[in-house]
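In the text below, chain A, chain B and the rest are named by the order of the sequence lines, each starting its count at 1.
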There are 2 protein chains.
Amino acid sequence: MEAVLTEAVALLDEAGDGALTFRALAARLGTGVGSIYWYVASRDQLLDRATDHVVGQLLADVQEHSDGDDAIDDLRTIALMMFDAIAARPWLGAYFMRNSLLQPNTLRLYDLLGQQVLRLELTPRQSFHAVSAVVGFTVGAAADLGQEPPQEILDGSVGREEYLALFADMWRALDPDEYPYVHQIADEFAHHDDAEQFRAGLDLLLAGLRQQARR
Amino acid sequence: MEAVLTEAVALLDEAGDGALTFRALAARLGTGVGSIYWYVASRDQLLDRATDHVVGQLLADVQEHSDGDDAIDDLRTIALMMFDAIAARPWLGAYFMRNSLLQPNTLRLYDLLGQQVLRLELTPRQSFHAVSAVVGFTVGAAADLGQEPPQEILDGSVGREEYLALFADMWRALDPDEYPYVHQIADEFAHHDDAEQFRAGLDLLLAGLRQQARR
DNA sequence: TCGACTATCGAACAACGTTCTATAGAATAG
DNA sequence: CTATTCTATAGAACGTTGTTCGATAGTCGA
């Protein structure tokens, strides 16, 4: 069982969602496809289990960094660790959502975020909304980032820089009257850093939360 | 071509992602599967086009509601309309992300959001981060919401209320010391409203943005 | 009249998730 | 000790899917 999940994660890490097939997994484990079905009932369940498997590792890391003075700082730290984990494993983002709060480790992680918000002593409703917002933003931003780069970047034929530059050039060529924003932002986009972008958004959200907590 | 997209969207609306197969679509159009491949190169492209098709309708609506006094209010209005559109079409959320800014209508919608942020007269980098945050949060929250309810709720055997109550009961039964947040939030979750939850998170984010804009 | 282009169609292929049956060792009961 | 049930493995087979391919017209201009 443990080996099944480990190898499943390895496949996902190496080539993303599409690479995880029962046949490929069976070949890697040196068994038949039927054997895997003794451990999991379906591919969906396999993905759920694999996701929760790596969330378990993430959870262990996170639990060591949630004991700061400031609740919102801790919230920020945990969210950043979640983002890093998804950035390192792009396939994780897509399944973090549907891997609902039925999986044990995911639920624990969710609760850990909630514990920080509880320290702010908001109303229950406010707490619930705050946690949902942080989770939603983190997973959403990370999943957005995790969309498979369209092949050209995977085989190394063009680097990330040139790929972004391609977009920037397209956008610069647009009519500034029709696309004022995109036109103006092209340069910024060409040299943007995903993690910094995420941090900036998260800080906006947390600033709003801090403001609410002060009241 | 128009008919292909219209019928594709109809299939997606009726039964979600899985229902859109080339054979089902061909049957509906009264043609063969090969014909569809004359219009689109792959299923991915079909989904991209279908997504952008409905984004076009959304865009038309949005363009009429982006002329308010306050830039952040307009930003809020547009984000809410995007959320509603995805809530009405759960399949949309998942493809909003990968439907990157190559599609014409999506790019226009993105720019429209950006135009509101430009009115805040932040630095280019701040503007870029703000727009990314709003888009990331909106799509993330909506996609999270759009995860297929696990069958029981689709056939009407159990309503949404009972489904949520199931979770709430599970959470209430957990050890309050081990899961302090989840335990405490169970009631809130059982009666939560998705749209309100989204609005609350969005307002936190926009509060942070407003604070940044004032400085 | 002859090609080129537009458009349609369905058979065929490969890959996939899933089901089913066969099998054999381990554990347990009588 | 034996019979039976349980645990676990293995792969053939099925149905569905995306995709490719060649055949086949209709349409237009030269």
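A straight line from CZ of Phe22(B) to P of dC16(C) spans 18 Å, rounded to a whole angstrom. The distance between atom CG of Leu11(A) and atom P of dG17(C), rounded to the nearest whole Å, is 11 Å. When rounded to the nearest whole Å, the span between OH of Tyr37(B) and C1' of dT19(D) equals 4 Å. Across the protein-nucleic acid pair, Asp17(B) atom CG and dT17(D) atom C1' stand 13 Å apart, rounded to whole Å. In this entry the distance linking CZ of Arg23(A) with P of dA15(C) reads 10 Å, nearest Å. Arg43(B) places its CZ atom 14 Å from the C1' atom of dC16(C), with the value rounded to the nearest Å. The distance between atom CD of Gln45(B) and atom C1' of dT19(D), rounded to the nearest whole Å, is 14 Å. Distance CH2 (Trp38(A)) to C1' (dT9(D)): 10 Å, rounded to an integer number of Å.
Against DNA chain C, the stretch residues 26-36 of chain B makes heavy-atom approaches under 4.0 Å through Thr31(B), Gly32(B), Val33(B), Gly34(B), Ser35(B).
Taking the six-membered ring for Trp and thresholds of 30 and 60 degrees, Phe128(A) and Phe189(B) have ring planes more than 60 degrees apart, a perpendicular arrangement.
Asn105(B) contributes no side-chain N or O that, together with a main-chain N or O of His53(B), makes up a donor-acceptor pair within less than 3.5 Å. The closest donor-acceptor contact from the side chain of Gln116(B) to the backbone of Leu112(B) lies under 3.5 Å. Listed for the Asp193(A) side chain is a donor-acceptor partner under 3.5 Å among the backbone atoms of Glu196(A).
Counting heavy atoms from C-beta outward, Val4(B) and Leu46(B) have side chains that approach closer than 4.5 Å.
The two atoms that bring Asp177(A) and Asp175(A) nearest to each other are N-OD1, 2.9 Å, heavy atoms only.
In this structure, Tyr39(A) does not reach the dA8(D) phosphate: none of its side-chain N or O atoms is under 4.0 Å from OP1 or OP2.
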